[in-house]
Engineer: 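Sharing a structure, written as structure tokens. Questions coming.
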Amino acid sequence: MTLAPFGARLRQAMDTRGQLCVGIDPHASLLSAWGLGDDVAGLETFSRTVVEALADRVAVLKPQAAFFERFGSKGVAVLEKTVEEARAAGALVLMDAKRGDIGSTMAAYAEAFLAPGSPLFSDALTVSPYLGFGSLRPALDLAREHGCGAFALALTSNPEGGEVQRAVGAGGEPVAASVLRQLAAENAGAEPLGSFGAVVGATLADAGVDLAINGPLLAPGIGAQGATMADLPRVFGASVRNVVPSVSRDVLKHGPSVPALREAAERFVGEYADAVK
């Protein structure tokens with residue numbers, strides 16, 4: 001089965017389920033807070049519960065690959081099952097792996113997450129453009145071929161990011177602006193939304209660059225990092241309706257109760273809707 005372009009599927013999901021991405025971040029402190037062991041059994045229970053609670057109602061679920069990989073092959077097996085079950089329940093899965101390399105290595109990363117038939121096949125993948133935007137070509141091409149998407153790091157929510165992302169290149173253009181400009185070129189002519197997005201932190205005081213890339217803008221930093229849904233219109237301006245607000249801890253802390261997880265997610269969906277009225 002050939003998938004429709006990711007951007008079109010994402011637009012439909014956000015229009016019907018609300019604009020929210022929930023991270024699946026089973027780090028040790030959350031496992032402990034849920035009364036689970038910091039082991040594969042705890043990882044499996046945590047992930048299965050989040051999928052049960054949210055995969056049939058939120059637009060996007062975003063597993064953080066590192067928290068699964070730290071358990072080795074058994075943890076990756078849990079990640080495979082998490083992706084499969086989340087997609088089967090109707091959520092779009094954005095794999096947060098931030099892969100970035102060159103040539104055949106980048107192609108192999110792309111095949112791991114964006115090739116149908118791969119055990120980790122996801123709807124989209126976070127990628128790092130800091131070996132040069134052109135280094136992403138294998139992932140962008142494979143994503144386009146199979147109806148998937150990619151989110152390139154542009155202006156991230158961590159304060160250190162500006163050291164590279166705000167730096168000015170040889171042509172006088174800030175690095176982040178260059179990334180965004182090239183994403184816009186990838187999305188040219190796409191309707192209703194391009195498939196190639198940027199990661200732009202909701203914690204920014206001022207983006208200071210053109211965010212009109214005709215693609216989705218993944219906005220981490222809401223909740224535990226201090227940003228709120230009310231900040232989004234200020235940060236993203238006219239592009240706010242293409243924002244995919246990402247919340248992890250401020251939803252996940254309500255587990256292991258399935259109703260409480262659902263209530264928390266619904267609250268953030270409502271806060272976004274109120275913010276952009």
Side-chain angles (χ1 to χ4, degrees), residues 1-17 21-24 51 55-56 58-65 68-69 76-129 131-154 179 182-199 213-218 242 244 246:
M1 182 181 69
T2 301
L3 294 173
F6 172 73
R9 294 189 291 126
L10 177 62
R11 180 78 273 162
Q12 181 180 24
M14 292 193 298
D15 288 347
T16 56
R17 294 183 170 207
C21 167
V22 177
I24 305 180
V51 169
D56 66 344
V58 301
V60 182
L61 286 176
K62 181 173 68 67
Q64 170 47 258
F68 296 83
E69 291 171 349
V76 173
V78 175
L79 179 58
E80 292 172 0
K81 193 69 172 175
T82 300
V83 171
E84 178 187 2
E85 293 181 350
R87 296 188 74 236
L92 297 176
V93 171
L94 168 57
M95 182 63 69
D96 194 357
K98 300 182 179 71
R99 297 301 196 245
D101 216 305
I102 61 172
S104 59
T105 308
M106 189 67 217
Y109 281 137
E111 289 166 6
F113 298 106
L114 301 173
S118 167
L120 289 167
F121 179 62
S122 303
D123 296 286
L125 173 69
T126 57
V127 293
S128 174
L131 287 173
F133 191 88
S135 68
L136 300 180
R137 181 52 52 199
L140 301 180
D141 287 349
L142 194 65
R144 194 186 304 276
E145 178 182 353
H146 295 300
C148 298
F151 287 81
L153 305 178
V179 171
Q182 292 177 86
L183 287 169
E186 296 293 327
N187 291 325
E191 295 182 359
L193 187 67
S195 296
F196 302 106
V199 180
I213 64 169
N214 190 33
L217 300 163
L218 183 70
N242 292 337
V244 186
S246 180

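Quick note: residue numbers are just sequence positions, from 1. As a basis for the values below, the full set of heavy atoms in this structure was taken, side chains included, without hydrogen atoms, waters or symmetry mates.
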Engineer: Between Ile24 and Gln64, does a side-chain contact (heavy atoms from CB on, under 4.5 Å) hold up when you go through it step by step?
Structural biologist: CA-CA 6 Å; Ile24 305 180; Gln64 170 47 258; over 6 Å; no
Engineer: Kindly give the heavy-atom pair with the smallest separation between Leu114 and Gly149, and that separation in Å.
Structural biologist: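 Closest pair (atom of Leu114, atom of Gly149, distance): CD2-O, 4.0 Å.
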Engineer: Dump the intermediate steps for side-chain contact (heavy atoms from CB on, under 4.5 Å) on Arg17 and Gln12, then the final yes or no.
Structural biologist: CA-CA 8 Å; Arg17 294 183 170 207; Gln12 181 180 24; over 6 Å; no
Engineer: Does Cys148 reach the side chain of Phe121, with side-chain heavy atoms less than 4.5 Å apart?
Structural biologist: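 Heavy-atom side-chain distance check passes, below 4.5 Å.
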Engineer: Is there side-chain contact between Pro129 and Val179, with heavy atoms separated by less than 4.5 Å?
Structural biologist: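 Pro129 vs Val179: side chains touch.
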Engineer: Verify, without hydrogens or angle tests, whether Asn187 (side chain) and Phe196 (backbone) share a donor-acceptor contact under 3.5 angstrom.
Structural biologist: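 Checked: pair present.
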Engineer: Are there over 12 heavy-atom neighbours, none belonging to Lys98, within less than 6.0 Å of that residue's NZ?
Structural biologist: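 Count over threshold, so yes.
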Engineer: Nearest heavy-atom pair of Asn214 and Gly189: which atoms, and what distance?
Structural biologist: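 Scanning both residues completely, I find the closest heavy atoms to be ND2-N, 4.3 Å.
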Engineer: Would Arg99 and Asp101 pass as an ion pair if we require N to O under 4.0 Å?
Structural biologist: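 Salt bridge flag = no for Asp101 with Arg99.
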Engineer: May I ask you to test the Val244-Leu10 pair for a side-chain heavy-atom distance under 4.5 Å?
Structural biologist: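 In short, these two side chains touch, coming nearer than 4.5 Å.
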Engineer: For Gln182, is the CD atom crowded, meaning more than 12 foreign heavy atoms sit under 6.0 Å from it?
Structural biologist: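 Counting neighbours around CD of Gln182, more than 12 heavy atoms of other residues, nucleotides or ligands fall under 6.0 Å, so yes.
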Engineer: Is there a side-chain contact (heavy atoms from CB on, under 4.5 Å) between Cys21 and Lys62? Walk through the geometry before answering.
Structural biologist: CA-CA 7 Å; Cys21 167; Lys62 181 173 68 67; 3.5 Å; yes
Engineer: With distance as the sole test, does Asp123 use its side chain to make a donor-acceptor pair with the main-chain N or O of Leu92 at under 3.5 Å?
Structural biologist: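 Pair absent, no side-chain N/O of Asp123 close to backbone of Leu92.
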Engineer: State the CZ-CD distance between Phe133 and Glu186, to the nearest 0.5 angstrom.
Structural biologist: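 Phe133 atom CZ to Glu186 atom CD measures 5.0 Å (nearest 0.5 Å).
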Engineer: Check for a donor-acceptor pair, side chain of Ser135 on one end and backbone N or O of Gly132 on the other, with a separation under 3.5 Å.
Structural biologist: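 At least one qualifying donor-acceptor pair exists.
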Engineer: side-chain contact (heavy atoms from CB on, under 4.5 Å) with Leu120: which of Val93, Thr82, Leu79?
Structural biologist: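 Looking at Val93, Thr82, Leu79, the match for Leu120 under the side-chain contact (heavy atoms from CB on, under 4.5 Å) is Leu79.
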Engineer: Is there side-chain contact between Pro138 and Met106, with at least one heavy-atom pair below 4.5 Å?
Structural biologist: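 The answer is yes, as the side chains (C-beta and beyond) meet within the 4.5 Å cut-off.
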Engineer: Going by heavy atoms in the side chains, are Thr126 and Met95 under 4.5 Å from each other?
Structural biologist: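 A side-chain contact is absent here, since even the closest heavy-atom pair is not under 4.5 Å.
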Engineer: Closest heavy-atom contact between Leu94 and Pro63?
Structural biologist: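 That closest heavy-atom pairing would be O-CD, 3.2 Å.
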Engineer: Just how far is it from atom OG of Ser195 to atom CG of Leu3, taken to the nearest 0.5 Å?
Structural biologist: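 The CG atom of Leu3 is 10.5 Å from OG of Ser195, to the nearest 0.5 Å.
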Engineer: May I ask you to check whether over 12 heavy atoms, not counting those of Leu131, lie within 6.0 Å of atom CG?
Structural biologist: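 Yes, the 6.0 Å shell around CG holds more than 12 heavy atoms from other groups.
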Engineer: Is the closest basic N to carboxylate O distance between Arg11 and Glu191 below 4.0 Å?
Structural biologist: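 Not counted as a salt bridge, because no side-chain N and carboxylate O are separated by less than 4.0 Å.
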Engineer: Only one of Leu218, Asp96, Leu125, Val127 forms a side-chain contact (heavy atoms from CB on, under 4.5 Å) with Phe151, so which one is it?
Structural biologist: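 Among Leu218, Asp96, Leu125, Val127, the one that satisfies the side-chain contact (heavy atoms from CB on, under 4.5 Å) with Phe151 is Leu218.
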